[in-house]
Amino acid sequence: METILEFLKEGKQKTNKVQTVFTILYSSSWVSVARPIACTTRGADLTEDREVVLCPPNCTLWRATVFGSDVYASVSSVCGAAVHRGLLTSSSGGAVKVHKLQGRRNYLGSYSHGVQSQALSRWTASFTVAQSAHVPQEVSAKIASTMLPAPGLEKKTVKKPVKKILTGGNRDCQLELALLIDSSKNIGQRRFNLQKNFISKLAVMLRIGQNGPHLGVVQASDTPRTEFFLTNYTEPKDVVFAIKEIAYMGGNTNTGKALMHTLESFFLTGVRRGHPRVVVVFLDGWPSDDLEDAAVLARESGVNVFLVPVAKPAPEELGVVRDKDFMTKAVCKDNGFFTYPIPSWFGTTKHVKPLAQKLCSVDQLLCSKTCYNSVNLGFLIDGSSSVGEGNFRLVLDFITSVARSFDISDIGARIGAVQFTYEQRLEFSLHDYPEKDAALRALQRIPYMSGGTATGDAITYATQNLFLTRKAGRMKNFLIVVTDGQSYDDVTRPALAAQKEGITIYSIGVAWAPMDDLQTMASEPKDTHTFFTREFTGLKQFQQPLVRGICKDFAEAN
């Protein structure tokens with residue numbers, strides 16, 4: 001770089017030494033000379049974190065190997081990735097920007113622009129490619145004297161204050177967030193850029209981070225296109241840079257098609273278990289297609305759909321709108337919370353914070369609250385002498401299989417366990433094991449007590465020590481009682497008291513457990529909340545009916 005600048009300053013016109021066309025690009029974040037590379041040059045071969053390179057034509061004829069989609073493993077051909085991304089054609093070369101990234105898992109393979117990229121389970125480093133923002137300028141043998149200002153006449157650059165972008169993530173707003181942006185011909189290039197500016201500010205306001213919200217972007221046009229996934233960028237500055245590089249597509253406003261694409265493919269990789277999934281749909285005007293089928297799938301899948309309509313149809317335009325009720329059909333719930341209208345793309349800054357606050361209101365994300373991630377499960381386990389060590393292990397296997405069906409996490413489902421004989425022992429509370437694997441291991445490690453059977457006292461103990469604590473939160477509470485015999489104390493009053501506290505009881509009896517006691521303990525309707533088997537080996541048949549019953553109770557309660 002310095003050698004080239006000195007060459008230009010001195011004004012030497014040595015045409016016999018200028019054999020390669022160099023591209024000089026000036027921008028706020030990229031000031032570089034395009035370095036010519038070969039079709040086989042890999043991302044790992046580049047030395048700079050951000051670099052502009054010049055690809056030769058006909059790179060696909062070299063069978064350039066590419067791994068990944070949008071984000072490529074560093075073992076990939078840079079020029080091959082540029083063709084795959086659609087930045088260059090297969091027959092022409094050109095300048096592209098390359099941005100190095102950290103390694104990652106699950107590089108997705110895809111066919112695009114005549115290049116078939118391959119999948120890769122993991123690699124140590126990655127890169128992205130982006131369009132050159134400026135028209136290339138050739139440096140010819142005739143070097144104009146105005147290329148650089150005369151000494152002493154350089155204009156001093158006035159540095160504008162740069163706002164610091166917060167990093168580290170927002171622990172109170174842990175979302176899996178897809179922004180579905182409008183890239184149709186209706187919005188146009190200018191308003192498209194305003195839209196990108198708005199979602200960049202939104203990403204910063206949300207404080208995207210490893211321990212906060214994760215964000216990806218999908219474009220809606222004739223055909224939807226995923227720009228980047230949830231785990232591609234986990235730092236605000238990287239997300240802002242990636243948004244800046246998104247290219248306008250044009251075409252029809254096929255929002256329904258893009259939403260279906262997002263639901264079917266976007267959340268398949270990099271999604272954290274138990275975290276709410278949200279799609280924010282930005283719409284300039286109205287959609288060209290139908291949103292209802294995609295919206296139904298979103299609700300059934302537990303995905304919260306927000307609609308941000310900008311410049312909604314005027315009364316005289318409603319005649320050309322395909323479905324006049326598209327706004328109410330698209331959202332998670334038609335209660336006003338999931339819609340945020342903005343009158344115009346101009347002056348949107350004041351809407352960034354209110355929309356961010358809505359998205360971070362995790363308790364109001366109704367569609368993400370399913371029976372699998374929004375329940376407290378308490379297991380009340382009979383450890384009396386009649387059970388025996390071997391059968392006790394079968395009981396633990398059964399309740400572990402039930403717990404495994406739920407999304408246990410720090411913001412998802414919770415499990416706790418109490419073992420009882422004449423006495424009660426809190427094995428672990430709802431908040432002792434927020435990680436699923438640890439919680440399941442804790443169930444398997446419960447030691448057998450041995451003793452008598454006082455089921456009534458055990459229900460009271462579990463009610464007070466599992467569910468009536470501040471840490472239990474506002475989740476739907478379920479108590480699963482597993483016992484093999486007659487209780488020595490009354491079970492009626494403790495069970496009714498628990499049910500008055502909002503606890504749904506399932507009673508599961510084995511061997512000598514009397515049906516009268518089981519039905520007395522169980523919630524209404526008794527026949528769907530009571531299970532019985534003669535042998536402990538028969539417990540496993542109740543796993544699926546029990547999980548289905550919990551989900552049915554949860555749906556009816558909500």
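- At distances below 3.5 Å, at least one donor-acceptor pair connects side-chain atoms of Asp289 with backbone N or O atoms of Lys257.
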Practice item. Take Asn186 and Thr253 through the side-chain hydrogen bond (donor to acceptor under 3.5 Å, both in side chains) test and state the conclusion after the steps. Key: CA-CA 8 Å; Asn186 292 334; Thr253 316; 3.2 Å; yes
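- Tyr340 and His351 have their aromatic ring centers within a separation under 6.0 angstrom.
- Disulfide status for Cys367 with Cys332: present, SG atoms under 2.5 Å apart.
- Looking only at side-chain heavy atoms (C-beta outward), Leu443 and Leu396 stay at 4.5 Å or farther from each other.
- Contact record, Ala330 with Val305: O-CG1, 3.3 Å, taken as the closest heavy-atom pair.
- Using modelled atom types, one finds a donor on one side chain and an acceptor on the other under 3.5 Å when comparing Gln444 with Thr400.
- Side-chain contact between Val402 and Phe379 is present, with heavy atoms from C-beta onward closer than 4.5 Å.
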Exercise for review: List the steps, then state whether side-chain hydrogen bond (donor to acceptor under 3.5 Å, both in side chains) holds for Glu227 with Gln219.
Suggested key: CA-CA 7 Å; Glu227 294 297 335; Gln219 287 206 73; 2.7 Å; yes
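- Nearest heavy-atom pair across Gly209 and His214 is O-CD2, 3.2 Å.
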Practice item. Run the numbers on Thr349 and Lys201 for side-chain hydrogen bond (donor to acceptor under 3.5 Å, both in side chains), then give the verdict. Key: CA-CA 8 Å; Thr349 301; Lys201 293 178 180 178; 2.9 Å; yes
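- In terms of heavy atoms, Ile408 sits closest to Tyr433 at CG2-O, 4.1 Å.
- Geometric assessment of Lys358 against the ring of Phe337 yields a positive cation-pi assignment under the 6.0 Å and 45° thresholds.
- Tyr72 and His84 have their aromatic ring centers within a separation under 6.0 angstrom.
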Review point. Would Glu176 and His275 count as a side-chain hydrogen bond (donor to acceptor under 3.5 Å, both in side chains) if you check the C-alpha gap in whole Å, the side-chain angles of each, and the deciding distance to 0.1 Å?
Key: CA-CA 6 Å; Glu176 307 296 89; His275 289 62; 5.4 Å; no
Review point. Please walk me through it: do Cys39 and Cys79 pass disulfide bond (SG atoms under 2.5 Å apart)?
Key: CA-CA 6 Å; Cys39 292; Cys79 298; 5.6 Å; no
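- Residues Arg35 and Val52 have side chains not in contact (no heavy-atom distance under 4.5 Å, counting atoms from C-beta outward).
- In terms of the salt bridge (Lys or Arg N to Asp or Glu O under 4.0 Å) criterion, residue partners of Asp407 (sequence neighbours excluded) are, by chain and number, Arg273.
- Looking only at atom types and distance, the side chain of Gln195 has no donor-acceptor partner in the side chain of Thr348 under 3.5 Å away.
- Between Asp284 and Phe192 the shortest side-chain heavy-atom distance does not fall below 4.5 Å.
- Atom CD of Gln357 is surrounded by more than 12 heavy atoms from other residues, nucleotides or ligands within 6.0 Å.
- Taking OG of Ser77 as the start and CZ of Phe67 as the end, the distance is 11.0 Å to the nearest 0.5 Å.
- Looking at Asp553 and Lys476, no side-chain N of the basic residue comes within less than 4.0 Å of a carboxylate O on the acidic one, giving no salt bridge.
- Note that CG of Leu259 is 11.0 Å distant from CG of Leu283, once rounded to the nearest 0.5 Å.
- Classification of the Phe282-Phe198 ring pair by plane angle, with boundaries at 30° and 60°, yields perpendicular.
- Using modelled atom types, one finds a donor on one side chain and an acceptor on the other under 3.5 Å when comparing Asp432 with Ser429.
- For the 3.5 Å distance criterion, the side chains of Ser126 and Tyr107 qualify, holding a donor opposite an acceptor.
- Counting only residues at least two apart or in different chains, disulfide (SG to SG under 2.5 Å) contacts with residues 213-259 are absent.
- The minimum heavy-atom distance linking Val66 with Gly80 is given by the pair CG2-C, 3.5 Å.
- Counting all heavy atoms, side chain and backbone alike, Thr234 lies closest to Thr231 at CG2-O, 4.4 Å.
- Between Val303 and Phe267, the closest side-chain pair of non-hydrogen atoms falls below 4.5 Å.
- Residues Glu292 and Lys329 are paired through a salt bridge, judged by an N-O separation under 4.0 Å between the basic side chain and the carboxylate.
- The structure places CG of Leu230 at 10.5 Å from CZ of Arg277, a figure rounded to the nearest 0.5 Å.
- The two atoms that bring Ala403 and Ile415 nearest to each other are CB-CD1, 4.1 Å, heavy atoms only.
- For the pair Arg191 and Phe346, the cation-pi criterion (under 6.0 Å, within 45° of the ring axis) is not fulfilled.
- Side-chain contact between Trp345 and Ile187 is present, with at least one heavy-atom pair separated by less than 4.5 Å.
- In this structure, CD in Glu51 is found 8.0 Å from CD1 in Ile37, a value given to the nearest 0.5 Å.
- Between the side chain of Lys196 and the main chain of Ile246, a donor-acceptor pair closer than 3.5 Å is present.
- When only modelled atom types and interatomic distance are considered, Asn252 and Asp222 share a side-chain donor-acceptor pair under 3.5 Å.
- Residues Asn304 and Arg299 are not in side-chain contact: their nearest non-hydrogen atoms beyond the backbone lie 4.5 Å or more apart.
- Of the possible polar contacts, none joining the Arg445 side chain to the Leu440 backbone as a donor-acceptor pair under 3.5 Å is found.
- Atoms OG1 and CZ, from Thr370 and Phe406 in turn, are 9.0 Å apart once rounded to the nearest 0.5 Å.
- Rounding to the nearest 0.5 angstrom, the gap separating the OG1 atom in Thr128 from the NZ atom in Lys100 is 12.0 Å.
- Annotation for Gln102: atom CD does not count as buried by contact number, only 12 or fewer foreign heavy atoms lying within 6.0 Å.
- When the SG-SG distance for Cys371 and Cys551 is compared with the 2.5 Å cut-off, it comes out below that value.
- Thr226 is listed as a side-chain neighbour of His261, based on a closest heavy-atom distance under 4.5 Å.
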